[in-house]
Student: 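Before anything else, here's the structure in question.
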There are 2 protein chains.
Amino acid sequence: MTRQRAVLVAKLAEAEDHPDAVELHRRAEEEMPGISLSTVYRTLSALEGQGVIHRHQFEGASARFEHADAGHHDHMIDVDTGEVIEFCSDRIERLQAELAAELGYDIVHHRMELYVRRKPTS
Amino acid sequence: MTRQRAVLVAKLAEAEDHPDAVELHRRAEEEMPGISLSTVYRTLSALEGQGVIHRHQFEGASARFEHADAGHHDHMIDVDTGEVIEFCSDRIERLQAELAAELGYDIVHHRMELYVRRKPTS
DNA sequence: ATTTATGCAAATGCTTTGCATCCAG
DNA sequence: CTGGATGCAAAGCATTTGCATAAAT
């Protein structure tokens, strides 16, 4: 457990958003000037492998990461602002499992992203 | 409407699978040796812009394309074989719209992919 | 003719990797 | 001590782009 890994885990734990590797690198540099971007990428891959963090590949953007401590959830992306909103629906999850089962499959994992736009204020 | 564009549209219309740009290039070369990969990419982007085809970015793979003539559907990806299975669920679509609406959003488009494994045969 | 698409090669952007060094246990 | 992690620079891969040529209407 190196110092750079500790800093990265800390930054991800305290993050309220879903930063990408470059942004995370910037944040890590605050406490650890000189940390390499390669280390960020390498560490993120390692942490993902251990299930400590999740990687998301939203449309037309570089990979974004979040700490895995919160339970499972899916994402809505505001196409105008880029803001990411988390949400969760047991009903949808159940339906997904049913659909897969009907076709003879088990779900290993899934990905559901809603690209949304704020409703016009009436 | 150039010959290369016609070939590409034809190849996509007859495709039963979801080829990526390189595979499509290979298929196009059968009828049009010398067609450039850049042209394939450029044409695919143009066709996508016109809504003629759809682009999918599945996990850890290059973009894959399909003709848009079939109605809307989502995808299951067999993580062992890479096979892509199409499916559709109005109930899930409705739930998604409801969830977005509850949070004050309209859905622009969405992406739902189930990464699955064939059920063990009992 | 004149606009638009093509082919080629070079550039891009994100991510990964080889290798020598450094740090942690 | 010694293996694994780091920093740097270079490579990789999918995709895009600049530009001169060629083809389409």
Side-chain angles (χ1 to χ4, degrees), chain A residues 1-13 15 17-66 75 77 82 84 111 113, chain B residues 1-13 15 17-66 75 77 82 84 111 113:
Chain A
M1 190 62 31
T2 64
R3 198 154 81 79
Q4 20 280 81
R5 180 158 305 202
V7 170
L8 286 169
V9 173
K11 288 293 178 188
L12 270 169
D17 54 352
H18 298 69
D20 64 11
V22 171
E23 171 61 20
L24 219 34
H25 180 237
R26 177 169 21 255
R27 295 183 196 178
E29 268 190 315
E30 292 169 8
E31 268 156 63
M32 186 145 191
I35 184 174
S36 161
L37 183 55
S38 329
T39 297
V40 173
Y41 274 111
R42 240 178 324 224
T43 303
L44 288 172
S45 293
L47 293 174
E48 185 192 13
Q50 299 167 211
V52 177
I53 66 175
H54 293 308
R55 177 193 303 252
H56 301 294
Q57 191 68 258
F58 299 136
E59 285 183 359
S62 36
R64 301 171 68 161
F65 302 85
E66 70 179 326
H75 300 86
I77 296 93
V84 176
R111 188 190 200 181
E113 292 152 21
Chain B
M1 192 63 28
T2 63
R3 197 154 82 79
Q4 20 280 83
R5 180 158 306 202
V7 171
L8 286 169
V9 173
K11 287 295 179 189
L12 270 169
D17 53 352
H18 298 70
D20 65 12
V22 171
E23 172 60 22
L24 220 34
H25 180 237
R26 175 168 24 254
R27 296 184 194 177
E29 269 190 315
E30 291 169 10
E31 270 157 61
M32 180 140 198
I35 183 173
S36 162
L37 183 55
S38 329
T39 297
V40 173
Y41 274 111
R42 240 179 322 226
T43 302
L44 288 173
S45 293
L47 294 174
E48 185 192 13
Q50 298 167 210
V52 177
I53 66 174
H54 293 307
R55 175 194 303 254
H56 301 293
Q57 190 68 256
F58 300 137
E59 284 183 1
S62 37
R64 301 171 67 161
F65 301 85
E66 70 179 327
H75 300 87
I77 297 93
V84 175
R111 187 189 201 181
E113 291 150 21

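Reminder, nothing fancy here: chain letters follow the sequence lines and each chain counts from 1. Every value quoted in this text rests on a predicted model; they were computed, and no experiment measured them.
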Student: Starting at the 5' end of DNA chain C, which residue's closest nucleotide do you reach first, B:Ile35 or A:Arg64?
Tutor: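 That would be B:Ile35.
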Student: Nearest of C:dC8, C:dG18, D:dA24 to any side-chain atom of B:Ser36?
Tutor: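 Closest nucleotide among those given: C:dC8.
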Student: Between D:dT16, D:dT6, C:dT6, which nucleotide has the shortest distance from any of its atoms to the side chain of B:Gln4?
Tutor: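 So the nucleotide nearest the side chain must be C:dT6.
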Student: Within this structure, what is the CG-to-P distance between B:Leu44 and C:dT6, rounded to whole angstrom?
Tutor: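 Atom CG in B:Leu44 sits about 11 Å away from atom P in C:dT6.
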Student: How many whole angstroms separate atom CD of A:Glu29 from atom C1' of D:dC8?
Tutor: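 Interatomic distance, CD of A:Glu29 to C1' of D:dC8: 14 Å.
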Student: How long is the line joining CD of B:Gln50 and P of C:dT4, in whole Å?
Tutor: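 Computing the B:Gln50:CD to C:dT4:P distance gives 14 Å.
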Student: Specify the residue among A:Met32 and B:Ala63 whose closest nucleotide of DNA chain D lies further upstream toward the 5′ end.
Tutor: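 Of the two residues, A:Met32 wins.
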Student: If we only count heavy atoms from C-beta on, is the A:Phe58 to A:Val84 side-chain gap below 4.5 Å?
Tutor: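 In contact.
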Student: Closest heavy-atom contact between A:Asp20 and A:Ser62?
Tutor: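 Minimum heavy-atom contact is OD2-OG, 3.3 Å.
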Student: Applying the salt bridge (charged side-chain N to carboxylate O under 4.0 Å, His left out) criterion to A:Lys11, which one of A:Glu31, A:Glu23, A:Glu29 satisfies it?
Tutor: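 Checked A:Glu31, A:Glu23, A:Glu29 against A:Lys11; only one passes salt bridge (charged side-chain N to carboxylate O under 4.0 Å, His left out): A:Glu31.
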Student: I need the CG-P distance between B:Leu37 and C:dA10, as an integer number of Å.
Tutor: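 From B:Leu37 CG to C:dA10 P: 16 Å.
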Student: Nearest whole Å is fine: how far is D:dT15 C1' from B:Leu24 CG?
Tutor: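 Taking atom C1' of D:dT15 as the reference, CG of B:Leu24 is at 15 Å.
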Student: How far apart are the closest heavy atoms of B:Leu44 and B:Leu12, and which atoms are they?
Tutor: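 Reported closest heavy-atom pair: CD2-CD1, 3.8 Å.
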Student: Out of C:dT6, D:dG7, D:dA5, which has the shortest distance to the side chain of A:Thr2?
Tutor: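 The nucleotide sitting nearest to the side chain is D:dA5.
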Student: Should the side chain of A:Thr43 and the base of D:dA5 be counted as holding a donor-acceptor pair, with the cut-off at 3.5 Å?
Tutor: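 A donor-acceptor contact between them is absent.
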Student: Rounded to the Å, how far apart are B:Arg3 CZ and D:dA23 C1'?
Tutor: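 Going from CZ in B:Arg3 over to C1' in D:dA23 covers 11 Å.
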Student: Should the ring pair B:His56 and B:His54 be called parallel, tilted or perpendicular, given that the plane angle runs from 0 to 90° and is split at 30 and 60?
Tutor: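 Ring orientation of B:His56 relative to B:His54: tilted.
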Student: Taking five pairs at each end, how big is the angle between the two axes of the helix from C:dA1-D:dT25 to C:dC14-D:dG12, to 10°?
Tutor: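 Comparing the first five pairs with the last five, the axes sit 30° apart.
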Student: For B:Ala46, answer base if it contacts any base atom (sugar-phosphate contacts may also be present), sugar-phosphate if it contacts only those atoms, and nothing otherwise; contact means non-hydrogen atoms under 4.0 Å.
Tutor: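 The answer is nothing, as B:Ala46 stays clear of every strand by at least 4.0 Å.
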Student: Could you tell me which non-hydrogen atom of A:Ala21 sits nearest to which non-hydrogen atom of A:Leu37, and how far apart they are?
Tutor: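 Shortest heavy-atom separation between A:Ala21 and A:Leu37 comes out as O-CD1, 4.1 Å.
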Student: Below 4.5 Å, heavy atoms only, C-beta onward: do B:Gln57 and A:Glu59 meet side chain to side chain?
Tutor: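 The answer is no; the side chains never approach within 4.5 Å.
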Student: Can you find a donor-acceptor N/O pair under 3.5 angstrom joining the side chain of A:Arg42 to the base of C:dG18?
Tutor: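 Side chain to base: pair found, below 3.5 Å.
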Student: The side chain of B:Tyr41 lies closest to which of these nucleotides: C:dT15, D:dT6, D:dA14?
Tutor: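 The answer is D:dA14.
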Student: Let me know the distance between CD of A:Gln57 and P of C:dC14, rounded to the nearest Å.
Tutor: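 Whole-Å distance recorded here is 11 Å.
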Student: Would you mind telling me which of C:dG25, D:dT15, D:dG18 lies closest to the side-chain atoms of B:Ala21?
Tutor: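 My answer, after comparing the listed nucleotides, is D:dT15.
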Student: By salt bridge (charged side-chain N to carboxylate O under 4.0 Å, His left out), which residues pair with A:Glu66, not counting sequence neighbours?
Tutor: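 A:Glu66 satisfies salt bridge (charged side-chain N to carboxylate O under 4.0 Å, His left out) with no residue once adjacent residues are dropped.
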Student: If I take atom NE2 in residue A:His25 and atom P in nucleotide C:dT16, what distance separates them, rounded to the nearest angstrom?
Tutor: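 Distance, rounded to whole Å: 15 Å.
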Student: Out of C:dG25, C:dC8, C:dT15, which nucleotide sits closest to the side chain of B:Ser38?
Tutor: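 Selected nucleotide (nearest to the side chain): C:dC8.
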